[in-house]
Amino acid sequence: MKNRKSQEAQTLPSRCPDNSAFKQQKLPAWKPKLTITTVLSSFFVTGVFCLSAGVCLILSTNSVREIQINYSDKCSDCSKLRENSSNWNNECYCSVDFMLKEDMLGDVFMYYGLQNFYQNHRRYVISRSDAQLLGRDVDIQKSYCAPFTTYQNGTPMAPCGAIANSIFNDTIDLFYNLNSSVIQVPLLKTGNSWWTDKNVKFRNPKSYNLSSAFAGTARPPYWQKPVYMLDEEDEGNNGYINDDFLIWMRVSAFSTFRNLYRRVSRTNQFADGLPAGNYTFHISYNFPVSKFKGKKHVILSTVVWSGGSNPFLGIAYTVCGTAATLTGFVIIAIHLQLRKKKTFIQK
Amino acid sequence: MEFPELYVIGQRDELFNYRIFGVTLLHGVSTSLASFYIALWAFEDRVGSKVVGDYESFAITVATSSFLSVIVEIVMDIKFWTALSFLVVTTSVLFFCLFSFLTQSINAFKIAPAVFCFPGKMPQGSLQQGLAWEVATALMYPISLQKIRLKTKREPEPSVELRAHIRRGSFCRRSSYAFSHHEGYAGLITRGDSLRAKESVYCPVGLFLKKHNKTKKL
């Protein structure tokens, strides 16, 4: 009887897991001890770091010089003209005067700002064909460009999609009024886009010249010129790799946004930036915004290492820094109180 | 049933009830909102040599800050750090960086431009990512450390009570047969400790002594 039982016990496998540290859940572990010194030091270090970062950010933000001018309200004749789309071929010019009270030293950037224009709309954002913009011969019917894919006679649009179709086509020039003479401020139109956009994401189709590369395609309906005539002076800025086009195709995340338009070229009397004085914008008004109650601005701004005139990050860091330091002091107070209580009980 | 005490926690819904669910839901919602809105307010009207308020940068910043907040929450929650915990946390972060790099690489874009539409994002977005997640985690850091501090204050109290209860239970269950075979309480009585000590620990012995005194007086 006993032999049989022991034999059965031997044939049945044991259900216990192996006696290894991993399977018996006896791995060596480190338990972080929250002693008063570690907690306090971490709070104060974080507090000091955040405070200093916040103060630096606020100081640098305050050193940014910026001026923003709303011109869609000032150019009311042109905006009324553009409300009627049959006037698309009529040119409309508008002048806006402004004065710079102090010099804008350093690199000065000119932006156009749009308000209430939702580039982050769900169907707008996908309305593009990245394969076509790489210069490849693809069937754009398969992309999300609809309804901006082909015309009724079958000619495909280059580039297709709603994003490309709605490109910002105002022309803005800046003039400096010195005594009685008017000087045009030299502006740079290249070097404004991302390197990856210019060299990787957008490529022109290859052929012996650019207009033949786009043979068999037509401009999008809202454009005045076909894509190979966007900048005929510079081959490196023509076609799909035009800087204005690239910047527009990089859609914004918000309904109020600004896009880099031109940079002030630091030559002649603008070597240090823009001197104080009277200036004029001459704008060729093409982009209609009044129908959707949008607004257009021109912004001139200098740049600092932390980005620009948005004070939010500086304030957020300062608030976090003060909160951390205050919490540190509160912990010290509670710790001292507990210490007094403990000594009282022991007596 | 071998260990009925283990099921009491489940019967009383101590680890998961409506209150805990509500608190967890609120915590998750507030973390997500903070992650989104801090990125939004930081990016608004962002001026730079290359404007970075665009859709892709914003999306990557929000995603990275949510991921890093989750990692920080996990780090705060782990009490016993084994080699496995270290490995898993660092591997998560490394995998995130690796896959961000791969999906945003230029080669991936060339293979499938419709799918991998964010080429070359890593160098540009890193500064904004760093700023955004630092603010997000800095906000959660004091809250979680306060929670930990409160927990360490409460811990010492329950353990003393439990032990007293068990001892009382084992004392009261002893039979008279066991009492008669014990060496007796002469030593305890002559020492006089039981008269001065707290009632909760020596309850049956105290009662026995009172009865004994009464009979002696009579």
Side-chain angles (χ1 to χ4, degrees), chain A residues 22 27-32 34 39 42-43 46 50 53 64 66 107 109 111 113 119-120 125 129-131 133-134 136 143-144 192-197 200-201 247 250-254 256-260 263 299 301 303 307-310 312-313 316-317 320-321 323-324 327 331 334 338, chain B residues 38-59 61-62 75 78-86 104 106 109-110 112-121 123-124 127-128 131-132 134-139 141-143 145-146 148-149 151-153:
Chain A
F22 179 70
L27 286 171
W30 168 66
K31 184 174 180 184
L34 286 173
V39 169
S42 63
F43 267 106
T46 320
C50 284
V64 167
E66 183 183 291
D107 287 320
F109 293 80
Y111 301 80
Q119 269 197 324
N120 51 2
V125 167
S129 168
D130 285 307
L133 295 167
L134 270 175
R136 292 181 191 166
S143 64
Y144 289 106
N192 298 331
S193 56
W194 294 39
W195 183 89
T196 45
D197 281 355
V200 177
K201 201 167 171 181
I247 289 166
R250 184 157 283 283
V251 289
S252 158
F254 314 111
T256 309
F257 63 95
R258 53 175 73 171
N259 279 340
L260 184 59
R263 290 178 293 143
I299 300 134
S301 172
V303 181
S309 59
N310 191 8
F312 170 74
L313 265 183
Y317 267 103
C320 287
T327 326
I331 291 175
I334 293 174
L338 279 178
Chain B
I38 288 173
L40 181 86
W41 293 327
F43 269 94
E44 250 176 351
D45 284 359
R46 206 44 198 227
V47 174
S49 60
K50 306 284 182 326
V51 181
V52 285
D54 70 295
Y55 200 72
E56 298 165 9
S57 304
F58 181 65
T61 307
V62 172
V75 164
I78 296 179
K79 285 182 204 165
F80 297 96
W81 285 84
T82 58
L84 202 62
S85 332
F86 275 116
Q104 292 164 16
I106 293 168
F109 174 72
K110 283 188 181 157
V115 176
F116 300 107
C117 44
F118 291 359
K121 273 265 85 85
Q124 315 267 12
L127 178 66
Q128 288 77 37
L131 290 169
E134 269 183 49
V135 178
T137 51
L139 283 175
Y141 187 50
I143 302 169
L145 272 179
Q146 266 189 23
I148 291 169
R149 180 177 49 90
K151 271 190 207 161
T152 51
K153 273 203 298 186

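Proteins come first, then strands; the chains are lettered A, B, ... in the order of their sequence lines, and each starts at number 1.
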What distance separates B:L84 CG from A:F22 CZ, expressed to the nearest 0.5 Å?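 The CZ atom of A:F22 is 5.5 Å from CG of B:L84, to the nearest 0.5 Å.
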
Between B:L40 and A:F254, does the side chain to side chain contact (heavy atoms under 4.5 Å, CB included) criterion hold? Intermediate values first, please. CA-CA 9 Å; B:L40 181 86; A:F254 314 111; 2.8 Å; yes

Hey, does A:N310 have a side-chain heavy atom less than 4.5 Å from the side chain of B:W41?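 With C-beta onward as the side chain, the pair stays apart.
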
Counterpart residues, ring-ring contact (aromatic ring centres under 6.0 Å, His included), relative to B:F86 (two or more places apart):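 B:F86: ring-ring contact (aromatic ring centres under 6.0 Å, His included) contacts with B:W81.
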
Which residues satisfy the side-chain hydrogen bond (donor to acceptor under 3.5 Å, both in side chains) test with A:N120, sequence neighbours excluded?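 Partners of A:N120 by the side-chain hydrogen bond (donor to acceptor under 3.5 Å, both in side chains) criterion come out as none, since no residue qualifies.
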
Which bit of A:P28 comes within less than 4.5 Å of chain B, counting heavy atoms only: side chain, backbone, both or neither?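 For A:P28, the contact with chain B is made by the backbone alone.
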
